[in-house]
Amino acid sequence: MSCRVVVLLSGRGSNLRAIAEAQLPIEIAAVISNRPQAAGLAYARERGLTAVALDHTAYPEREAFDALLADEIERHRPDLVVLAGYMRILSPAFIARFEGRLLNIHPSLLPLFPGLKTHERALAEGVKIHGCTVHFVTAQLDHGPIVVQAAVPVRADDTVDSLASRVLVQEHRIYPQAIRWFAEGRLLNNHGRVNLKDDLTSQSVLSNGA
Ligand code: GRF
């Protein structure tokens, strides 16, 4: 039986596209967006996926919205919930409900640069290596057990846009990879550290792209 995945997003949905096109052993059971106009939702519809808009602006209380969102997700009976550019902080109750089956992608090498504007901050700090991280979501924002990371070199002439687009190429590589590993049951949580079952080539460590 294939792994049922629900994807949450708020924006353009390029990670959703990468996941949908990667021929993974999964079924995308639904794509849910808190922004009805999200391009990612339009893509989901075009692809014939179940696409659901849940407009958070209609719900002044975060907890109330998150409870509704969680109920909607559960309706699709997911084995895994994937945050793909979901741009809202999730309440602790929501995270507790899905912990262990909730993945996020973040555009930095965590634990560096949690939060927003990661590329801008990486350039301002003058780091020479930047990248992206897929991790399990826990109550602490942009923390949680790391599944896979990809590094990209920072070039002297990089702008926020050029760096962001090089990192995005790697996001599109490691997110499908992480989801494949999850679906194959290969992610082992060892006291908050994720080990990859039968990882003879250190794939989760050496993912890197120039
Ligand atoms: C990505 O950079 C991701 O790392 C971050 O939000 C962005 C989403 O992009 N969490 P897209 O909507 O998948 O194109």
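All values derive from a computational prediction rather than experimental measurement. Residue numbers count from 1 along this sequence.
H143 and H135 are not linked by any side-chain donor-acceptor pair at a separation below 3.5 angstrom, with hydrogens and angles left out of the test. Side chain to side chain, S14 and H172 meet the donor-acceptor criterion of an N or O pair below 3.5 Å. Checked by atom type, the side-chain pair D161/T159 shows no donor-acceptor distance below 3.5 Å. Side-chain contact annotation: S91 with E63, donor-acceptor N/O pair under 3.5 Å absent.
A continuous path of Ile, Leu, Val, Met, Phe, Trp and Tyr side chains, each step under 4.5 Å between heavy atoms, connects W181 with I174, placing both in one hydrophobic cluster. Hydrophobic clustering, with ILVMFWY side chains joined whenever heavy atoms are under 4.5 angstrom apart, groups F113 together with V167. Cluster membership check: V134 does not share its hydrophobic cluster with I146, using side-chain heavy-atom separations under 4.5 Å among Ile, Leu, Val, Met, Phe, Trp and Tyr. If you chain together hydrophobic residues whose side chains sit under 4.5 Å apart, L168 and L163 never meet in one group.
Grouped by direct or indirect side-chain proximity (heavy atoms under 4.5 Å, Ile/Leu/Val/Met/Phe/Trp/Tyr only), I32 sits with V6, L8, V52, L54, Y59, F65, L68, L69, I73, V81, L83, Y86, L90, F94, I95, F98, L102, V137.
Judged purely by atom type and a 3.5 angstrom limit, R12 has no side-chain atom pairing as donor or acceptor with the backbone of A39. Here the side chain of T133 pairs a donor or acceptor atom with the backbone of L110 at under 3.5 angstrom. Between the side chain of N190 and the main chain of R193, no donor-acceptor pair closer than 3.5 Å is present. Distance alone, capped at 3.5 Å, places no donor-acceptor pair between the R97 side chain and the E74 backbone. A donor-acceptor pair under 3.5 Å links the side-chain atoms of R186 to the main chain of K197, judged by distance alone.
We find the SG-CZ distance between C3 and R101 to be 10.5 Å, quoted to the nearest 0.5 Å. From R166, atom CZ reaches atom NE2 of H119 across 10.5 Å, with rounding to the nearest 0.5 Å. Note that CG of L112 and CG of D142 are 12.0 Å apart. Values are rounded to the nearest 0.5 Å. Atoms CG and CD, from D55 and Q37 in turn, are 9.0 Å apart once rounded to the nearest 0.5 Å.
Residues R173 and A150 approach most closely at NH2-CB, 4.4 Å, considering heavy atoms. A51 and R45 make their closest contact through CB-CG, 3.7 Å (heavy atoms, listed as atom of the first residue, atom of the second, distance). Between N15 and E171, the shortest heavy-atom contact is ND2-OE1, 3.0 Å. Across every non-hydrogen atom of M87 and S10, the tightest pair is N-OG, 2.8 Å. The heavy-atom pair separating L109 from A151 by the smallest distance is CD1-CB, 4.4 Å. Residue G11 comes nearest to A38 through the heavy atom pair O-CB, 3.6 Å, listed as atom of the first residue, atom of the second, then distance.
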### Task
Go through L187 and F136 one step at a time and tell me if the side-chain contact (heavy atoms from CB on, under 4.5 Å) criterion holds.
CA-CA 10 Å; L187 299 181; F136 282 102; 4.0 Å; yes
### Query
Going through the distances and angles, do V5 and F182 end up as a side-chain contact (heavy atoms from CB on, under 4.5 Å)?
CA-CA 11 Å; V5 175; F182 183 96; over 6 Å; no
### Task
Kindly indicate, with the supporting measurements, whether the criterion side-chain contact (heavy atoms from CB on, under 4.5 Å) is fulfilled by R4 and L80.
CA-CA 6 Å; R4 292 176 65 82; L80 177 66; over 6 Å; no
### Task
Please report the C-alpha distance between L196 and L188 in whole Å, then the side-chain angles of each, then the deciding distance to 0.1 Å, and finally whether the side-chain contact (heavy atoms from CB on, under 4.5 Å) criterion is met.
CA-CA 6 Å; L196 182 61; L188 309 175; over 6 Å; no
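Between H130 and S108, the closest side-chain pair of non-hydrogen atoms falls below 4.5 Å. Contact of the V152 side chain with the I129 side chain is not registered, since no non-hydrogen atoms from C-beta on lie closer than 4.5 Å. The closest side-chain heavy-atom distance from R155 to D158 is below 4.5 Å. Counting heavy atoms from C-beta on, the side chains of R180 and P25 come closer than 4.5 Å. Within the 4.5 Å cutoff, no side-chain heavy atoms of E184 are placed close to those of I179. With a 4.5 Å cut-off on side-chain heavy atoms, I26 and S2 do not count as touching. Considering only heavy atoms from C-beta on, R17 stays 4.5 Å or farther from R47 through its side chain. By the 4.5 Å heavy-atom criterion applied to side chains, I28 and L16 are counted as neighbours.
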